[in-house]
Each structure stands twice: as structure tokens, then as C-alpha cells.
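The first residue of the sequence shown is numbered 1, and numbering continues consecutively from there.
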Amino acid sequence: ARALGLTPEVLALLDRMTLPSRRPVLGDAGQRRSRRTGGSVEFADFRAYVPGDDFRRVDWNAYARHERLIVRLHSADEDVTLTQWIDTSASMAYGEPSKLRAAASLAGALGYVALGTYDRACVATFASEARMLTPRLRGRSATHRLWVALAGLDGSGRTDFSAIGRAATRSAPGIALVISDFLSHPGPDAALAALRGAGQEPVLVRLLSRQEVEPDLRGDLRLVDAETHAAVEVTVTPATLTAYARRLADRTDALRSIGARHRARFVD
């Protein structure tokens, strides 16, 4: 836990948290109340019997009064699967501490919350290809396995959001966090569409280093792209930094629009 920056004080705060979800998802019996109906003991509603219904759910008292077969419905407790897609491309290794370490810490914290509330959690990584780093885990006892997997992450390669699209069906329906700096093109449009198609509730989480938000650069510099290794000679002036800030704001607005188009939260 300490390797991810999760001190006992942080864990004590996380113990009071639960994962929000705007809609129920299909899953095994768990601790989250669903709008669907199932086999728990809490009464939800009545409806007319249709062939194939379980006769054990027929309300015989209602039948005696109305001479109609009526089925009692009960609310179902369903768990949520939290799948965290972590960008492990070379650009995520930038910063002090690196963006990748921050992503691992965030994933470790949210995974701890999910496992502590009897939801399920798993981690996948992506750059040019996607890889399921853990299976679907459940229970607080699985936290150590999750943390060990996250502590071993390293950054290399180029970002390709379509890798998520190709692997989206390998994860269970639930909440899907895409954690990235979102500095590559094309953006996550196709990935979000694939996640939605696979029954996911996507959330975009952008992590940038302090130097990327407010670069402390001056003079004549040679900047090298961490992923493509393309180099560009620039003279950094106050006007250059102002233009950079404007482009970064435009990029933020574009990501918010992409998220809204796919009904995905955007967290910056």
C-alpha cells in the first residue's frame, strides 16, 4: 500500500467511501440495490403471471381474492464491476512523481473502495495493445493482489485508444475508468463507443503533470515527443506559453464534449 502512497490515514478515509453508479448493471448477487428485480427478500411490485414464471413467486392470497395469477417481484442486490483502464504509454512516465505512478495510486485507492464494499474490481492496461492485468477480484482480501499488480506498472510504447475498443468485451458490465493524459490522437471516441456497447458506464480521468499544466520553460529548446521521438526546435516566450495554455484549454473542452457525446463523466 505504501508503494502506492496509500498510508493508513488515506485508507481510513477510503473506508468511508462507496462507488457511485448512475444505473444498475448485471452481475452476481452483491451489496448494491438495483432497479432490476430478482430473488432478494425485499418486496418491489406485482405483475401478471406469464408462462415460464416461477410458481413459487405466485401470490396465492391475491389469486384467492381476484382469481388471477399474480407474481410478486422482489428487488435484487447486484454488485458493480469496476474496470480501470490505465494508459501505460511512454508519455505517462513523465513527471515527478510520474503520471503513471499517480494513475497506479488512484487505481489502488478506488480498487480498495470497490473491494471493501463487496463490488468487484479489475485492472487493465493499454498502450498499443490492451492487457487484463488482473481477473475480476472480490473482497477486501484481494486488495493485496490488486496493489502488487499496480506497483509493477511501467510506461512504454504509444497510446492507442482503439486497443480498449478491441478488448472492451473482455470486461464485465459496470463502471469503466479510462485513466490517461489523453495527449494522443485520435482521441477516445471509438473506445467510449465500444465500452458503451459492452454495457460499461465510462469515466474519463485525465492526469497531467504540473509541468504540463504550467510549463516553466524559457528560451531556445529542442522538445522530443516521448512516444514518437519526433523533435521540434522552439523558442519559448511569454506569447508561446499563452498560446500553449489556450491549446490546452481547447483540448480540455474537446474531451468534455467527447465525454458528453458518449454519456461519460470527465474528471480532470
Side-chain angles (χ1 to χ4, degrees), residues 1-6 82-111 121-137 144-171 176-192 194-195 200 202-213 215-217 221-234 244 247-248 251-252 255 258 266-268:
R2 288 190 178 275
L4 299 175
L6 302 178
L82 172 67
T83 303
Q84 301 189 78
W85 299 87
I86 301 177
D87 181 353
T88 55
S89 63
S91 69
M92 291 293 287
Y94 181 74
E96 185 55 46
S98 72
K99 291 177 284 185
L100 186 56
R101 180 177 177 182
S105 296
L106 175 63
L110 294 177
C122 63
V123 173
T125 61
F126 72 97
S128 57
E129 296 294 336
R131 181 168 69 98
M132 300 305 297
L133 199 63
T134 70
R136 292 173 67 205
L137 304 172
H144 180 70
R145 182 176 180 181
L146 181 79
W147 286 344
V148 168
L150 290 168
L153 294 181
D154 58 0
S156 63
R158 299 177 61 172
T159 305
D160 183 1
F161 288 106
S162 65
I164 296 178
R166 294 191 295 271
T169 57
R170 289 157 52 189
S171 59
L177 263 65
V178 181
I179 306 174
S180 173
D181 53 20
F182 296 99
L183 294 177
S184 62
H185 296 277
D189 255 303
L192 293 179
L195 290 171
Q200 309 291 315
V203 180
L204 301 180
V205 180
R206 183 172 68 171
L207 296 180
L208 295 176
S209 71
R210 182 173 302 174
Q211 183 76 337
E212 288 167 334
V213 176
D216 182 20
L217 303 174
L221 300 172
R222 184 173 186 268
L223 303 180
V224 180
D225 189 294
E227 296 184 15
T228 66
H229 306 296
V232 61
E233 307 284 344
V234 298
Y244 173 84
R247 290 287 298 274
L248 182 61
R251 180 61 179 162
T252 301
L255 285 170
I258 291 171
F266 173 73
V267 181
D268 197 11

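How far CD1 of Ile258 is from CG of Leu204: 8.0 Å, rounded to the nearest 0.5 Å. In this structure, the separation between OG on Ser184 and CZ on Arg158 is 9.0 Å, given to the nearest 0.5 Å. Rounding to the nearest 0.5 Å places CZ of Arg136 at 11.5 Å from CG of Leu82. For the atom pair CZ of Phe126 and OG of Ser162, the computed distance is 10.0 Å after rounding to the nearest 0.5 Å. Rounding to the nearest 0.5 Å places OG of Ser209 at 10.5 Å from CE of Met92. Interatomic distance, CG of Leu207 versus CD of Glu212, reported as 10.0 Å (0.5 Å rounding).
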- Worked check of side chain to side chain contact (heavy atoms under 4.5 Å, CB included) between Lys99 and Tyr94: CA-CA 6 Å; Lys99 291 177 284 185; Tyr94 181 74; 4.1 Å; yes
- Message: Let's go through Asp87 and Val178 carefully: what are the C-alpha distance in whole Å and the side-chain angles of both, what is the deciding distance for side chain to side chain contact (heavy atoms under 4.5 Å, CB included) to 0.1 Å, and is it a yes or a no?
- Response: CA-CA 8 Å; Asp87 181 353; Val178 181; over 6 Å; no
- Task: Determine, stepwise, if the pair Leu133 / Leu153 fulfils side chain to side chain contact (heavy atoms under 4.5 Å, CB included).
- Result: CA-CA 10 Å; Leu133 199 63; Leu153 294 181; 3.6 Å; yes
- Message: If you apply the rule side chain to side chain contact (heavy atoms under 4.5 Å, CB included), what do you find for Gln84 with Ile179, and how did you get there?
- Response: CA-CA 7 Å; Gln84 301 189 78; Ile179 306 174; 3.9 Å; yes
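Of all the heavy atoms in Ala93 and Ser98, the pair that sits closest is O-CB, 3.4 Å. In this structure, Ala130 and Ala163 approach most closely via the heavy-atom pair CB-O, 3.5 Å. When all heavy atoms of Ser91 and Asp181 are compared, the pair lying nearest together is OG-OD2, 2.7 Å. In terms of heavy-atom proximity, Thr134 sits nearest to Cys122 at OG1-CA, 3.3 Å. Here the closest non-hydrogen pair linking Leu146 and Ala107 is CD2-O, 4.3 Å.
The closest side-chain heavy-atom distance from Leu208 to Leu183 is below 4.5 Å. Within the 4.5 Å cutoff, no side-chain heavy atoms of Ser180 are placed close to those of Arg206. Side-chain atoms of Val203 and Val267, non-hydrogen and from C-beta on, do get closer than 4.5 Å to each other. Inter-residue side-chain proximity for Leu177 and Pro202 is flagged as unmet; no heavy-atom pair is nearer than 4.5 Å. Residues Ile164 and Leu195 are in side-chain contact: their nearest non-hydrogen atoms beyond the backbone lie under 4.5 Å apart. Using a 4.5 Å heavy-atom cutoff, the side chains of Gln200 and Ser171 are in contact.
Relative orientation of the Phe182 and Phe161 rings is parallel, given thresholds of 30° and 60° on the angle between their planes.
Looking only at atom types and distance, the side chain of Glu227 has a donor-acceptor partner in the side chain of Thr159 under 3.5 Å away. No side-chain N or O of Ser128 forms a donor-acceptor pair with one of Asp160 less than 3.5 Å apart. Judged by distance alone, the side chains of Arg101 and Ser105 never bring a donor and an acceptor atom under 3.5 Å apart.
A salt bridge does not link Arg210 to Glu96: none of the charged nitrogens lies less than 4.0 Å from a carboxylate oxygen.
Put simply, the side chain of Ser89 never gets that close to the backbone of Ala127: no donor and acceptor are under 3.5 Å apart. Judged by distance alone, with hydrogens and angles left aside, the side-chain atoms of Trp147 form a donor-acceptor pair with the main-chain N or O of Gly108 at under 3.5 Å. Formation of a donor-acceptor pair under 3.5 Å by the Thr252 side chain with backbone atoms of Leu248 is found in this model. The main-chain N or O of Asp225 is never found under 3.5 Å from a side-chain atom of Thr228 such that the two would form a donor-acceptor pair.
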